[in-house]
Amino acid sequence: MSYEIEKPDAEWREQLSPEEYQVLRQGGTEPAFVGEYTDTRTVGVYSCRACGAELFSSETKFDSHCGWPSYYAPLAEDRVQYLADDSFGMRRVEVRCARCGGHLGHVFEGEGYGTPTDQRYCINSISLTLKPKE
Ligand SMILES: [Zn+2]
């Protein structure tokens with residue numbers, strides 16, 4: 001798989017904090033309820049912390065009480081990439097940044113949250129940077 005932004009591993013390590021690297025480049029998950037954007041309601045755009053691509057809008061962020069920032073849709077379908085993830089004995093769909101391949105989180109469907117798409121993009125705060133609207 002190739003991405004518009006590709007860097008040697010050593011460069012990512014240099015650019016990102018160890019925590020960011022672990023999630024974005026190694027598919028880790030930050031602990032629930034500790035991420036800086038879990039309960040954020042600020043109006044703005046969330047972009048990829050690794051490459052700056054704009055990924056999610058505060059307009060689709062909703063209160064899922066799951067412990068991670070949750071969105072019902074990406075900013076545009078071509079901003080993210082979906083991969084089947086069968087780790088931990090579960091069938092999940094991984095969500096990555098389409099520009100750099102950075103791991104963002106997972107998307108779940110049909111949980112009954114009552115959002116327009118019935119989807120929950122469960123995203124690690126540490127994979128995102130919020131740019132508040134001016
Ligand atoms: Zn990215």
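Each ligand, and each atom within it, is numbered from 1 in the order the structure gives. One-based numbering along the sequence shown. When reading the values below, keep in mind they use all heavy atoms of this one structure, side chains included, and skip hydrogens, waters and symmetry mates.
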Checklist entry - Just by distance, with hydrogens left out, do Tyr46 and Glu54 show a side-chain donor and acceptor under 3.5 Å apart? => result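 Per modelled atom types, Tyr46 and Glu54 side chains form no pair under 3.5 Å.
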Item to check | Nearest atoms (heavy-atom pairs only) where Lys61 meets Tyr37 | outcome: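 Closest pair (atom of Lys61, atom of Tyr37, distance): NZ-O, 2.9 Å.
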Checklist entry - Between Tyr71 and Phe56, what is the ring plane arrangement, given parallel below 30°, perpendicular above 60°, and tilted in between? => result parallel
Item to check | Mutual orientation of the aromatic rings belonging to His106 and His103 [parallel < 30°, tilted 30-60°, perpendicular > 60°] | outcome: perpendicular
Checklist entry - Centres of the Tyr113 and Phe62 rings: under 6.0 Å? => result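 Yes; Phe62 has its ring centre under 6.0 Å from that of Tyr113.
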Next on the checklist: Quick one, Tyr82 with Glu77, criterion side-chain hydrogen bond (donor to acceptor under 3.5 Å, both in side chains). Give me CA distance, side-chain angles, the key distance, then yes/no.
Outcome noted: CA-CA 10 Å; Tyr82 305 100; Glu77 276 302 328; 2.8 Å; yes
Checklist entry - Which atoms of the protein, restricted to N, O or S, are nearer than 2.8 Å to the Zn ion (ligand 1)? => result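 Hits for the Zn ion (ligand 1) below 2.8 Å: Cys48 SG, Cys51 SG, Cys97 SG, Cys100 SG.
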